[in-house]
Amino acid sequence: LRSWLAGELRAGLTVGAGLRGRILRTLAERGLADEADLDELARLDPVGGEQARATGRASRPDATAKEQAWTAALAADQDWRTALAYANGFWVPGQQELLQDYRDRYFRVALPALEGREIRVMRNLARALYPATLAGPETLAAAGTAVERGDLSQGMRLIVLERDAIMRSVLAARSAKPRW
Amino acid sequence: VPCPYPKYDIAFVPGLSALGVSIPGLMLANESLLARMSDPDDDFVANLVTHEVAHLWFGGQVSMRWWDDLWLDEAMATYLSDTADVDASTDPWTVYGYLEKPRAYAADEMPGRQPVSSPVASAADALFRLPPLTYSKGAAVIRQLGALIGPDALHRGLSEYLRRFGGGGASLDDLVACWSQCADRDLTGWAGPRRVTRSSGRWRRVSRRAPMTTDSSIGCVRGWPGSCGPG
């Protein structure tokens, strides 16, 4: 991937802003992209570069980076595009151990904090921050408790139920016996 | 029916949470679309702009009386933009078939699924409906009507509706009455009875999921008409 970024692609193929962001996100998820790499995204792409940098920062397997990303995604005065970019990078497969505590923080703190935001913003952030990579009985139980406890709006409950349904189908697929 | 407004501007807005919003005389477009417009092979923005233009008539010239019919404005704009983009490099209905319709099927599997048309108590309730159902499944319903009565009767009904209700508010029942007149058949049954129970299975005002099971031994889906042969 580094060689691609350096321009060593097959003839006729170029790394545009979108692909550059995806490559650096993949590297960042593995701790292989530093702050200077991510700053380069913002410098090269005036349209989506700031968001690509935020997603890359949130993807890093690092407790401090996760804490900062979580705070940035939920800050009420944050530009919603930047907030969503941080949220989109947060849950990365393979980082479950690092992210265990955020399941409880999602259901107890993040959901009430997102109530009252503009509907599209609230829906997108509530979906993106759902602990999707912690697929298992503890997350199903936490979701069940959240929808029962009575402090969430009907719209927010629907988002939780929707993510819960997706997680149940993920678990069903994982536990299915292969037929061939 | 000519464009009801003397001018129409497009303003690209940073941080708009929607992709596009149309109000009489002005379209607000998400700033991120500027980058996407630079690709000559990408028809997405053209389709989106056509959708917003359609709202000058459906949503602008005739507005819903209540939020129940929000889906109707969006379904009509989606149907008309996919029908109108004849110069697109890919047929919009093909794109609809492989991108949008699957999202509607997926949304129909979610706990938040709702009928295309059903009563809502507030604007928030209407806006919280899953967009794939409001836009894509709604457009599928309109397209199905086009197959039933023919595109000519469909379009004559729309013109009649705009003439009759232009400058005011109207409802789905008003539109169905115009379609019935132009198709010369009673379409109230198509749209569903005024009050329906959960068991009647109409697309309107009821939500119903048919039980389906897969049978991999013969490669079919039971419960899907025609898939497994008779019975």
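Quick caveat, the model's predicted, so the values are computed rather than measured. The sequence lines fix the lettering, A, B, ..., with proteins before strands; numbering per chain opens at 1.
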Answer whether the closest heavy-atom distance between the side chains of A:R123 and B:P131 falls below 4.5 Å. yes
Counting only non-hydrogen atoms closer than 4.5 Å, does A:E118 touch chain B with its backbone (N, CA, C, O), its side chain (CB onward), both, or neither? side chain
Per-residue contact mode, B:A18 against chain A (heavy atom under 4.5 angstrom): both
Where do B:S32 and A:V47 come nearest, in terms of heavy atoms and distance? CA-CG1, 4.4 Å
Nearest heavy-atom neighbours spanning A:W80 and B:L16: CZ2-O, 3.2 Å
With heavy-atom distances below 4.5 Å as the criterion, would you say the side chains of A:R81 and B:P14 are in contact? yes
Pick one of side chain, backbone, both or neither for A:I159, based on which atoms fall under 4.5 Å of a heavy atom in chain B. side chain
Honestly, the part of B:R129 sitting under 4.5 Å from a heavy atom of chain A is backbone
Neighbour count above 12 (heavy atom, 6.0 Å) for A:R149 CZ: yes
Should the heavy atoms of other residues, nucleotides or ligands under 6.0 Å from CD of A:Q154 be counted, would the total exceed 12? yes
How about A:R22: does its CZ atom have over 12 heavy atoms from other parts shown lying under 6.0 Å from it? no
For the residue pair B:M110 and A:I166, establish whether any side-chain heavy-atom pair is separated by less than 4.5 Å. yes
Sequence-distant partners of B:W93, ring pair (Phe, Tyr, Trp, His ring centres under 6.0 Å), two or more places apart: B:Y79, B:Y96
Atom CD of A:E115: over 12 foreign heavy atoms under 6.0 Å: yes
